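Here the structure is laid out as structure tokens; the discussion comes afterwards.
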Amino acid sequence: MAATKKTGGLAGVTAGQTHLCTVGKEGAGLTYRGYDIYDLADNASFEEVAYLLLHGALPTKAELDAYIITIKANRGLPESLKTVLEMVPGDAHPMDVLRTGVSFLGNVEPEGDFSNQSKVADRLLACLPSMLLYWHRFHTDGVRIDTETDDDSISGHFLHMLHGAAPKELHRKCLDTSLILYAEHEFNASTFAGRVITGTLSDMHSAVAGAIGALRGPLHGGANEAAMELISKFDTPEAAIEGVHGMLERKDLIMGFGHRVYTTSDPRNAVNKRMSKALAEDAGNTTLYPISEAIEKVMWDEKKLFANADFFAASVYHFMGIPTYLFTPIFVCSRITGWAAHIMEQRADNKLIRPAADYIGPDLQKWVPIEDRT
Ligand code: COA
């Protein structure tokens, strides 16, 4: 048998080209179409970043105003989709709800040829929060919410539907920034899954449904929920230090730490940490932030592992009153921008993605009729 070179998880393998993003290279270590993530987090709105990713350049004021109107006009859900969301059980995982919602939308609003791809992307961006929160509020509060709120921003729309009232500006702004941080990340697992599906010339809904499935796992987007579960286990920083030491001794995986590409830090963490601290002060909560910081310190001191984007995002969402099981779906509401941009980029210069494998199974076997098998 030929000698094989192990490329476990395709680590370090370059699998294509992109105009969209650099990870662990220029600037702070994350750029979208050449813009540093810290410039975007400090100065842009999520809609500006969505426009940048989906339409190729930062919008002018007039373009942004028009884009916000377009997104607002696309928030409504077809009646048939509302019926489907009501039929999905209330205890389903919300990532499964979104996967089903996107898939169903592909039935009632099929993409057809690809000439409308940018409109399909905008439609998904606008209506994913509506799908999620229509299902959530129907099953938790028994209400059929109006998903066409008057909020200009996607972050305001999300929190308004969740809480039934327009959010305070600190919460809206922090969610907006979090959506910017999660929007795009080069060839991460879900984006790559979406590009593989796109490479067969399939439709955008199929590619996005597949990407949602990939993001759902705890090694990818599901880590923010797992991080919240971890932080909530402890009442004091001292208990957290002891608990995490014990977990490391047992070789448990600590969710929200480590990264395939970054080696010493995840640039998104500094922004999330700052927001978590501000929100904790605003909420008068004196435990969650110090507990999170204590865990972060143990992980660095003991394993030289740093908090990734998911770790402090957990407390950020918690302080806004977002239930933990809705954390990963927020990632979807943001990453739809990166996914759709990659789908369009893949189509622009498409080649079927079909790698080879080194065979490590048995040598060629002689066929044995069933009656002769032992
Ligand atoms: N907690 C404890 N140990 C960890 C760890 C974590 N979060 N992340 C990595 N390690 C350890 C591994 O156990 C491994 O140790 P070993 O060499 O003794 O076996 C070593 O660090 C290398 O990790 P590995 O899993 O091979 O790296 P990877 O590049 O395949 O995985 C992640 C990257 C992100 C999947 C991994 O760090 C992880 O599982 N993190 C937790 C989940 C998470 O936060 N995901 C969100 C990513 S943005």
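Remember, it's 1-based here, ligands and their atoms both numbered in the order they're listed. For clarity, every value in this text was computed on a predicted model and none was experimentally measured. Values below: all heavy atoms of this structure, side chains included; hydrogens, waters and symmetry mates excluded.
For atom 16 (P) of ligand 1, no protein heavy-atom neighbour is found at a distance under 4.0 Å. Distance screen at 4.0 Å: atom 26 (O) of ligand 1 has no protein heavy-atom neighbour inside the cut-off. Less than 4.0 angstrom separates atom 10 (N) of ligand 1 from at least one non-hydrogen atom of the protein. When distances from atom 23 (O) of ligand 1 to the protein are checked, no heavy atom turns up under 4.0 Å. Checking atom 46 (C) of ligand 1 against the protein gives a heavy-atom contact under 4.0 Å. There is no protein heavy atom less than 4.0 angstrom from atom 31 (O) of ligand 1. Protein heavy atoms are found inside the 4.0 Å sphere centred on atom 39 (O) of ligand 1. The presence of a protein heavy atom under 4.0 Å from atom 19 (O) of ligand 1 is ruled out.
When heavy-atom distances to ligand 1 are checked against a 4.0 Å cut-off, Asn308 comes that close only through its side chain, counted from C-beta outward. Only the backbone of His220 comes within 4.0 Å of ligand 1, judged by heavy-atom distances. Here Asp266 has no heavy atoms under 4.0 Å from ligand 1, in either its backbone or its side chain. Under 4.0 angstrom from ligand 1, the non-hydrogen atoms of Pro218 all belong to its backbone.
Set against the non-hydrogen atoms of Leu219, the atoms of ligand 1 under 4.0 Å away are 39 (O), 45 (N), 46 (C), 47 (C). Residue Asp310 has at least one heavy-atom neighbour below 4.0 Å for each of these atoms of ligand 1: 46 (C), 48 (S). Listed by atom number, the atoms of ligand 1 under 4.0 Å from Gly256 heavy atoms are 43 (C), 44 (O).
Here Glu111 pairs with Arg347 in a salt bridge; the nearest charged N to carboxylate O distance falls below 4.0 Å. For the pair Lys273 and Glu293, the salt-bridge criterion is met [side-chain N within less than 4.0 Å of a carboxylate O]. A salt bridge between Asp96 and Arg99 is present, with a side-chain N of the basic residue lying under 4.0 Å from a carboxylate O of the acidic one. Under 4.0 Å is where a charged nitrogen must lie from a carboxylate oxygen, and between Asp150 and Arg75 no such pair does. A salt bridge does not link Lys72 to Glu148: none of the charged nitrogens lies less than 4.0 Å from a carboxylate oxygen. Salt bridge annotation for Arg123-Glu109: present, with a cationic side-chain nitrogen under 4.0 angstrom from a carboxylate oxygen.
In this structure, of Lys303, Arg268, Arg260, the residue bringing a heavy atom nearest to atom 33 (C) of ligand 1 is Arg260.
Of all protein heavy atoms, the one lying nearest to atom 1 (N) of ligand 1 is Ile254 N, 2.9 Å. Scanning all protein heavy atoms for the shortest distance to atom 13 (O) of ligand 1 gives Leu253 CD1, 4.6 Å. The protein heavy atom nearest to atom 43 (C) of ligand 1 is Ala223 CB, 3.5 Å. Here the heavy atom of the protein found nearest to atom 48 (S) of ligand 1 is His259 CD2, 3.7 Å. When hydrogens are left out, the protein atom nearest atom 41 (C) of ligand 1 is Phe257 O, 3.4 Å; that is the closest non-hydrogen contact. Here the heavy atom of the protein found nearest to atom 42 (C) of ligand 1 is Met255 SD, 3.4 Å. Counting only heavy atoms of the protein, atom 3 (N) of ligand 1 lies nearest to Leu305 CD1, 3.6 Å.
Nearest approach of Ala57 to Tyr51, heavy atoms of both residues: O-CD2, 3.1 Å. Minimum heavy-atom separation, Gly90 to Trp135: O-CZ2, 3.4 Å.
Aromatic ring centroids of His163 and Phe158 lie 6.0 Å or more apart. In this structure, the ring of Phe331 has its center no less than 6.0 angstrom from the ring center of His185. For Phe306 and Phe257, the ring centers are positioned 6.0 Å apart or more. A distance below 6.0 Å separates the ring centres of Tyr67 and His55.
Side chain of Ser178 to main chain of Cys174: no donor-acceptor pair is present (N/O by atom type, distance under 3.5 Å, no hydrogens or angles).
The hydrophobic cluster of Met87 has no other members, since no ILVMFWY side-chain heavy atom comes under 4.5 Å of it.
Judged by the shortest distance from any of its heavy atoms, Asp252 lies inside the 4.0 Å radius around the atoms of ligand 1. Look at Ala309 and you'll find every heavy atom at least 4.0 Å from all atoms of ligand 1.
Under the rule for a side-chain contact (heavy atoms from CB on, under 4.5 Å), the partners of Val143 that lie at least two apart in sequence or sit in another chain are Arg137, Asp141, Ile145.
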